[in-house]
Amino acid sequence: MKRKSGQNPEITKNWKPATLAIRGGTARSEYGETSEALFLTSGYSYDRAEDAAARFAGDQVGMTYSRLQNPTVEMLEQRIALLEGAEACRATATGMAAMTAALLCQLSAGDHVVGAKAAFGSCRWLTDTLLPRFGIETTTIDGSDTAAWEAAVRPNTKVFFFETPANPTMDIVDLAAVCAIAKARGITTVVDNAFASPALQRPMEFGADVVAYSATKMMDGQGRVLAGAICGTRDWIDNVLLPFHRNTGPTLSAFNAWVVLKGLETLDLRIRRQSENALKVAQFLEGRVAKVNYPGLESHPQHALAMQQMDAAGPIFSLYVGGGRAEAHGLLNGLELVDISNNIGDSRSLMTHPASTTHFGMSEEARLEVGITEDMLRLNVGLEDPDDVIADLDQALRTIGR
């Protein structure tokens, strides 16, 4: 590969996703390194004062400050954009920095947002608590009910905000239908695609305007660093998001960007194997617990829609043990292989109790409204042999008499 091939759209447009995940966005220095270079610098120098002035004026291409640009971060942004099928991408320090920036950069007092009720706890905090503080009206609905989106629209509605599959209920939003409703009314759709990643689902193919990520999850996928990303058109990224990003500074470090670049190289392999493992584990659990929420199972009420939108169902699902918190915590405490952890998207199998961890900040009423009960558990199935994960769950279930 030539030094700049990975950043040449005339070349990368012919590459398949597996190739883009390894080589997309790569720009080699004069040393010809094979792995992406790690640029640990806060600022940049100039040969002449006029060069500095030209760069700040936007008349000269080049770096100015690492809150705005960094060569390593830029490579990651280009690679994610290529995988997503987006014109541009901006990376952020965390997934929640991405969600917050994607919303606040385009909203003002008096605007209205429609959001799905089933969402990550911190995303619900954005819609339920933060946005109203700034005079932004919000309405939360059942995201899986397409008609509810249309019914919630007001003259001042500016954004639809949702994730699919939803955390942790695994509700599926009909991407094509909801995005069509938004486009017909000039509403911007912001989709949290962290559960699927661009390896399994590309919302822009269904009409989404903006796709946001916790790149901590599948993209790194090995529990090492925090990162986020926001994808959109070049015009939206440069003229709507960038002023907010530049002046508020939710910047991704070069080192974390480099780690995520390495994670993307194995994303497709990891997430497809984890999806296979998750299906096998879900099939085992379906006969042992009260209920399993996994889009890959035919018993999931939106199985057909999920398989239309996704290339595979992913590594994450939720289940209801039956009973209450005591039974759920008892199962967790009985685990010997699977970790008790609130994270997802890791190569290790992880299990958590959403009501007391990831969604603890939501009111009990709001949790129950979307089905986050005291006996619900969320499981991220990793790359271990699925039979070992099943054996661990089997013995843990027996400790609580299941």
Worksheet item: What pair of heavy atoms forms the shortest contact from Thr92 to Ala229, and how long is it?
Response: OG1-N, 3.8 Å

Worksheet item: Looking just at side-chain N and O atoms, do Gln60 and Asp51 make a donor-acceptor pair shorter than 3.5 Å?
Response: yes

Worksheet item: Is Asp311 salt-bridged to Arg202, cutoff N-O under 4.0 Å?
Response: yes

Item to complete: Using a strict 4.0 Å threshold on nitrogen-to-oxygen distance, state whether Arg325 and Glu374 make a salt bridge.
Response: yes

Worksheet entry | Electrostatic pair Glu137:Arg154 at N-O distance under 4.0 angstrom | yes

Fill in: Atom CZ of Phe244: over 12 foreign heavy atoms under 6.0 Å
yes

Worksheet item: Just checking, is any N or O donor in the side chain of His112 or Thr138 under 3.5 Å from an acceptor N or O on the other one?
Response: no

Item to complete: Tell me yes or no: between the side chains of Arg378 and Asn167, is some donor less than 3.5 Å from an acceptor?
Response: yes

Item to complete: Using a strict cut-off of less than 4.0 Å between a Lys/Arg side-chain nitrogen and an Asp/Glu carboxylate oxygen, indicate whether Arg28 and Glu36 qualify as a salt bridge.
Response: no

Discussion item. Within the 4.5 Å heavy-atom criterion, are Asp235 and Asp238 side-chain neighbours or not?
Written reply: no

Practice prompt. Might you point out which heavy atoms bring Met170 and Pro165 nearest each other, and give the distance in Å?
Written response: CE-CB, 3.7 Å

Response to the item:
In this structure, OH of Tyr213 is separated from CE of Met99 (nearest 0.5 Å) by 9.5 Å

Item to complete: Give a yes or no on this: more than 12 heavy atoms of other residues, nucleotides or ligands lie within 6.0 Å of atom CG of Asn14.
Response: yes

Item to complete: Answer yes or no: is there an ion pair linking Arg273 with Glu276, defined by an N-O contact shorter than 4.0 Å?
Response: yes

Item to complete: Scan side-chain atoms only and decide if Thr357 and Thr352 contain a donor-acceptor pair under the 3.5 Å cut-off.
Response: yes

Worksheet item: Hey, are Thr26 and Gln7 close enough side-chain-wise for a donor-acceptor pair under 3.5 Å?
Response: no

Item to complete: For Phe162 and Trp149, run ring-ring contact (aromatic ring centres under 6.0 Å, His included): C-alpha distance rounded to whole Å, both residues' side-chain angles, the deciding distance at 0.1 Å, then the answer.
Response: CA-CA 11 Å; Phe162 61 90; Trp149 290 96; 5.3 Å; yes

Worksheet item: Judged by modelled atom types alone, do Ser349 and Glu384 share a side-chain donor-acceptor pair under 3.5 Å?
Response: yes

Item to complete: Determine whether the side chains of His359 and Arg367 contain a donor N or O and an acceptor N or O closer than 3.5 Å.
Response: no

Practice prompt. Please determine if Arg272 and Asp268 form a salt bridge, counting it only when a charged side-chain N lies under 4.0 Å from a carboxylate O.
Written response: yes

Worksheet entry | Salt bridge present between Asp387 and Lys280 (N-O < 4.0 angstrom) | yes

Discussion item. Would you say Asn193 and Gln201 are linked by a side-chain donor-acceptor pair, where the criterion is simply a distance under 3.5 Å?
Written reply: yes

Worksheet item: Who are the ring pair (Phe, Tyr, Trp, His ring centres under 6.0 Å) partners of Phe317, not counting sequence neighbours?
Response: Tyr294

Worksheet item: Side chains of Arg23 and Thr19: do they bring a donor and an acceptor to under 3.5 Å?
Response: no

Worksheet entry | Flag for Asn293-Ser318: side-chain donor and acceptor within less than 3.5 Å | yes

Fill in: Residue pairs, two or more places apart or on separate chains, that pass side chain to side chain donor-acceptor pair (under 3.5 Å) and touch residues 393-402
Arg288-Asp394, Asp392-Gln395, Asp394-Arg398

Worksheet item: Where do Ile237 and Cys231 come nearest, in terms of heavy atoms and distance?
Response: CD1-C, 4.2 Å

Worksheet item: Between Asp209 and Lys183, is there a side-chain N and carboxylate O pair less than 4.0 Å apart?
Response: yes

Practice prompt. Scan side-chain atoms only and decide if Thr129 and Arg124 contain a donor-acceptor pair under the 3.5 Å cut-off.
Written response: no

Practice prompt. Give a yes-or-no answer on whether the side chains of Ser341 and Asp339 include a donor-acceptor pair shorter than 3.5 Å.
Written response: no

Practice prompt. Indicate whether the side chain of Tyr44 and that of Ser66 have a donor and an acceptor atom separated by less than 3.5 Å.
Written response: yes

